[in-house]
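To start, the structure under review is shown below, and the notes come after it.
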Amino acid sequence: CDSGVRVPFSDARRVHLKHLDGVIYDKASRGKHKAAILDVEERLRLLMDEMLDSPAAVARSCNDAAQAAAHAGDAEAQRTWLERCREASKLCELPGSAELDDLEGRLARLKVRGG
């Protein structure tokens with residue numbers, strides 16, 4: 001691997017990852033929910049490519065997408081993203097933690113409403 005090329009490329013992707021954090025929030029807050037979810041998908045790919053895809057980072061990203069889907073009124077997408085968030089959270093949270101309890105509650109409410 002040519003570290004002279006790899007390091008700047010990796011640095012640029014990491015800068016873009018940080019940029020995506022703000023962009024996702026901005027798009028979601030302006031009602032551009034599908035665009036925000038696409039940016040979350042890009043963030044997840046970059047996290048994996050940069051080997052930064054810790055369970056906590058994946059859970060946070062999936063939660064961002066679930067929130068955007070909720071605001072868009074897309075219960076199925078919200079459920080899918082919450083399930084991904086729960087799976088990642090199980091790898092970094094203790095059973096019975098407030099975070100896991102919150103996710104389970106959110107998923108249960110979706111099932112009550114949507115079946």
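Ala65 and Trp81 make their closest contact through CB-CD2, 3.3 Å (heavy atoms, listed as atom of the first residue, atom of the second, distance). Nearest heavy-atom pair across Leu82 and Leu103 is CD2-CD2, 3.8 Å. Here the closest heavy-atom approach between residue His33 and residue Ala28 is recorded as CE1-O, 3.3 Å.
In the hydrophobic cluster analysis, where Ile, Leu, Val, Met, Phe, Trp and Tyr join through side-chain heavy atoms closer than 4.5 angstrom, Met48 is grouped apart from Leu17.
With rounding to the nearest 0.5 Å, the separation of CD in Gln78 from CG in Leu110 is 4.0 Å. A distance of 9.5 Å separates CD1 of Ile24 from NE2 of His19, quoted to the nearest 0.5 Å. One distance of note links NZ of Lys18 with CG of Leu20; it measures 12.5 Å at 0.5 Å rounding.
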Return all side-chain donor-acceptor pairs below 3.5 angstrom for residues 84-97, not counting sequence neighbours, or 'none' if the list is empty.
| from | atom 1 | to | atom 2 | distance (Å) |
| --- | --- | --- | --- | --- |
| Arg86 | NH1 | Glu104 | OE1 | 3.2 |
| Ser89 | OG | Cys85 | O | 2.9 |
| Ser97 | OG | Leu94 | O | 3.2 |
| Ser97 | OG | Leu100 | N | 3.2 |

In residues 36-47, what donor-acceptor pairs under 3.5 Å come from side-chain atoms, sequence neighbours left out?
| from | atom 1 | to | atom 2 | distance (Å) |
| --- | --- | --- | --- | --- |
| Asp39 | OD2 | Lys27 | NZ | 2.7 |
| Glu42 | OE2 | His16 | NE2 | 2.8 |
| Arg43 | NE | Asp21 | OD1 | 3.2 |
| Arg43 | NH1 | Ser61 | OG | 2.9 |
| Arg43 | NH1 | Asp64 | OD2 | 3.1 |
| Arg43 | NH2 | Asp21 | OD1 | 3.1 |
| Arg43 | NH2 | Asp64 | OD2 | 3.1 |

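The closest side-chain heavy-atom distance from Asp102 to Arg106 is below 4.5 Å.
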